[in-house]
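Working notes, structure below.
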Amino acid sequence: MPHFVWSSEYELGISVIDSQHKRIIDYINSTYDVIDRGANVEEISDILLQLVDYTFSHLAFEEALLEEIGYQDFDGHQLAHRTFSKLIDNLCKRAAKGEDIGAELASFLQNWLITHIMQEDAKYVDAVNTYLAQNGANRGQTWLHRAVTKYFQ
Ligand SMILES: [Fe+2]
């Protein structure tokens, strides 16, 4: 399967978020690799679990950040995440029943992620940068550091 190649146009300019998006893409590409080499169902579901788990941690982190900065469209953004999460949950349920949905899940997540970054995430960039400028890099960075530890460990 063709790999998902990161492009600078997907970059928001918020390094902590960009690196999480890139990591999700790494997981998507690992999923394609596992499928391509004809791995068995257990191996595929193993990498899918990692992909979904990391993606959900990222969404939770992003929502915590948007809440912290008092983002005006927090509810709308959270709703977009929840709608997406339900679709992923449904795919995971199908996988648990033994359906071979690895490629479908990875390509759905890939398409969703790019559209979401460029159409929805792009809208919060100014608000995040304003927060960091107004709260001083120190307090902002301290918050980011704590949140990364909380959501990714
Ligand atoms: Fe988002």
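When a ligand or atom number is given, it counts from 1 through the structure's own listing order. Start at 1 with the first residue, then count along the sequence.
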Check the side chains of [Y] and [X] for a donor-acceptor pair under 3.5 angstrom, ignoring hydrogens and angles.
X      : Y      : result
His116 : His77  : yes
Gln20  : Tyr151 : no
Glu62  : Tyr124 : yes

Does atom NE2 of His3 have more than 12 heavy-atom neighbours, drawn from other residues, nucleotides or ligands, at distances under 6.0 Å? yes
- same_hphob_cluster(Leu51, Leu87) at 4.5 Å side-chain heavy-atom cutoff: yes
In short, salt bridge (charged side-chain N to carboxylate O under 4.0 Å, His left out) pairs touching residues 94-116 with sequence neighbours left out are Arg94-Glu99, Arg94-Glu104
A correct count of protein N/O/S atoms found below 2.8 Å of the Fe ion (ligand 1) gives 5
